[in-house]
2 protein chains.
Amino acid sequence: MAVTLADVAARAGVSAATVSRVLSGNYPVAGATRSRVLRAVEELEYVVNGPASALAAATSDLVGVLVNDIADPFFGIMASAVQSEMEPEKAGGKLAVVCNTGGSPERELTYLTLLQRQRAAAVVLTGSAVEDPGHTAALAARLRRLASAGTRVVLCGRPPLPEADGGAAAPDGEDACGPLTVAFDNRGGARRLTEHLLALGHRRIGYVAGPAERTTTRHRLEGHRSALADRGPELLAAAEHLTVHGAYDRSSGYDGALELLRRRPDLTAVLAANDTVALGVCAALRDRGLRIPEDVSVAGFDDLPFSADAAPALTTVRIPLHEAGARAGRLALGRESAPPGGVATVRTELMARASTAPPHA
Amino acid sequence: MAVTLADVAARAGVSAATVSRVLSGNYPVAGATRSRVLRAVEELEYVVNGPASALAAATSDLVGVLVNDIADPFFGIMASAVQSEMEPEKAGGKLAVVCNTGGSPERELTYLTLLQRQRAAAVVLTGSAVEDPGHTAALAARLRRLASAGTRVVLCGRPPLPEADGGAAAPDGEDACGPLTVAFDNRGGARRLTEHLLALGHRRIGYVAGPAERTTTRHRLEGHRSALADRGPELLAAAEHLTVHGAYDRSSGYDGALELLRRRPDLTAVLAANDTVALGVCAALRDRGLRIPEDVSVAGFDDLPFSADAAPALTTVRIPLHEAGARAGRLALGRESAPPGGVATVRTELMARASTAPPHA
DNA sequence: CTGTTAGCGCTTTCAT
DNA sequence: ATGAAAGCGCTAACAG
């Protein structure tokens, strides 16, 4: 039915092997032959049969990128950065495909199985991990199997897998190093952000956190609290009551801010889990008749494109998402050597803008 | 190296054929045998070799989703809706993978080739098409080849392919119907939006349009102008001077609004290519000291999640992106019958909110 | 530099 | 209901 390698070979008057060599370009072929083959390919509109070549070569050119929420630019930026390294037009180029887990651990596992089934060349897992022991174990097992099947595994924006402690399987000669990781300094960023607020004079700071069970949520919260703790134990003590949890979306920010205001109407600042949440916080404050930053300061996290020109411009913590994604992509392709220890931590940077100011009272 | 079907067969004491039948579930197998096989699969942690099965069966379970900008929720919402119909956990389930073209026609073609190489079960093209004759022809050819190779092709959020007129190839018995299409009523939406502004009393309405060569841009602009034309030729005549083009992003909105203000400082309303652009327009207006909607009304298009609780809430045109994406997904799977004529047009709905009001003067 | 020859792991008639 | 056997289209030694 479809045109095959053999058809091209026949047309060009060469053997199938020669056509294969021309197409993969990793073997010397005479110039004249090569162009004859290329012409036949053109004329026949031949397109390689991916599955057949993957089967024969025992590798495929698929690279999977798992994201928690494909509708969130946080992930979109990373995913597009990963793809930007793939060069799909080139001969050895890979096809980066993004898979949307929706934040569901089961779906994450499902996609990993599917990618293993496709014998993907690499997989990049982006975004925070769920901290459930059962899931962590299942995930680690899956990733180990992927790795041992020759698929490169890279973590981007999530912490390295916890050490496989316990007397499970002894390291059997294999190099037992976990997947390569591009981690974000969420803790340090959150810490500097809170210090910024503290330096401005704020003492009653609300925190609208992300989902409780995710690593990113925990790290940002820890950074926040460590800054508080340094300032005085009473601030830390009050923090629990000034923290609410929600999803990483706008409505959690809205609801969270309202809840915080109910608990402490004299709040002078609100920190949000991320920029999207921060926008929800702003909306709630505004609806309550509070001005930003005159009455309440607000800050986000991530520095997504819309943050800089929100009204007022949002103070936030910049994560170089594009750079991180691109690096993860290069690691996935093996085009960049592994960082020492397998973990690269990317810096985060405080972006102090108009949404934070000294408290009024 | 990896566990194969044969290993499972050996372990279960059956033939490879039986294991295959159990796994694909489309053939009667005795209950006892079946569970024995399943147990062997479990014990061996067997994962099907996708390429091998795709080669043998001449089909794969990949479904490609092409998007213009993966960092834009407009596409993210559609892509996630398409994926939501795939049931990757089920036996016959597909693996939906999204490919980011970045709006580049070449890349669109590249991805289509790659997907054809993978023998994808279906491909869904989302978002506006570039209206370049050369590219349109190349695209149509590619899609035709895909379709003839058994890949289902669905268009979502873009108009049906132009009729292949001219004396090219005669319809040779094949049913010459183009790809299935889920189109948006951009024209009608834009028309109603402009009528809303006109009804409010606005007469000097700026328009920050999208990239000139895209179908979506053209359709929205046409809708806008047809409403203007109905109100009076002088309004239509002024429209040209009140239109600027830019990308579908926030900064084009910002720059576009500034440019419009330069041309007509007495503008009373600005229509934006989409909600993201509208936010940029708002920012520019605010920076110029203009209040929304007291001094200038602003409206967007798409009704993305953030629009409802922007400040002020954005008047816009709602497109049921999720429903559209889901429908495209079902069409791609053949789980829903084709609409009459192969084209389903989804309604758009005016969402009049706080960012539009009668002009002051 | 190019052709020959085996498979890669699975699905699918065709028997039984 | 199950097994045997013939490919699917390509790659990769191995010759020449």
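Each chain gets a letter, A, B and so on, in the order its sequence line appears, and its residues count up from 1.
Put simply, the side chain of B:Y46 reaches to within 4.5 Å of the side chain of B:L5, judged on heavy atoms.
Not a single donor-acceptor contact under 3.5 angstrom links the side-chain atoms of B:R119 to the base of D:dG9.
Candidate nucleotides D:dT11, D:dG7, C:dT13 were compared by shortest atom distance to the side chain of B:A56, and D:dG7 ranks first. For A:V29, the side-chain atoms get nearest to C:dT2 when compared with the rest of D:dC10, C:dT2, C:dC10. Distance from the side chain of B:Y46 is smallest to C:dC10 among C:dC10, D:dG9, D:dA4. Among D:dT2, C:dC1, C:dT12, the nucleotide with an atom closest to any side-chain atom of B:A17 is C:dT12. Among the nucleotides C:dT11, D:dT11, C:dC10, the one closest to the side chain of B:N49 is C:dC10. Comparing D:dA12, D:dG9, D:dC10 against the side chain of A:L55 picks out D:dG9 as the nearest. The nucleotide whose nearest atom lies closest to any side-chain atom of B:S15 is, among D:dA1, D:dG3, C:dG9, D:dG3. Nearest to the side chain of B:A30, among D:dC10, D:dT2, D:dC14, sits D:dT2. Ranking D:dC10, C:dT13, C:dC10 by closeness to the B:R21 side chain, first place goes to C:dT13.
In this entry the distance linking CG of B:L23 with C1' of C:dT12 reads 15 Å, nearest Å. Protein atom CG of B:D7 is 14 Å distant from nucleotide atom C1' of C:dC8, rounded to whole Å. Rounded to whole Å, the distance from CG on A:N26 to C1' on C:dC1 is 14 Å. The interatomic distance linking B:Q118 (CD) with D:dC10 (C1') rounds to 14 Å, in whole Å.
In terms of modelled atom types and a separation under 3.5 Å, the side chain of A:N100 and the main chain of A:I70 share a donor-acceptor contact. When atom types are taken as modelled, the side chain of A:R36 and the backbone of A:A12 share a donor-acceptor pair closer than 3.5 angstrom.
Atom CG of residue B:L125 and atom CG of residue B:L155 lie 5.5 Å apart, to the nearest 0.5 angstrom.
Each of A:A54 and B:R36 was assigned the nucleotide of DNA chain D with the nearest heavy atom; the assignment lying further toward the 5' end belongs to B:R36. The 5' end of DNA chain D is approached more closely, in terms of each residue's nearest nucleotide, by A:A16 than by the other of A:Y27 and A:A16.
Listed pair A:T18 / C:dG3 meets the phosphate criterion, a side-chain N or O lying under 4.0 Å from OP1 or OP2. Within the structure, a side-chain polar atom (N or O) of B:T33 is placed less than 4.0 Å from OP1 or OP2 of D:dT2.
In this structure, B:R144 does not pair ionically with A:E45, as no charged nitrogen and carboxylate oxygen lie closer than 4.0 Å.
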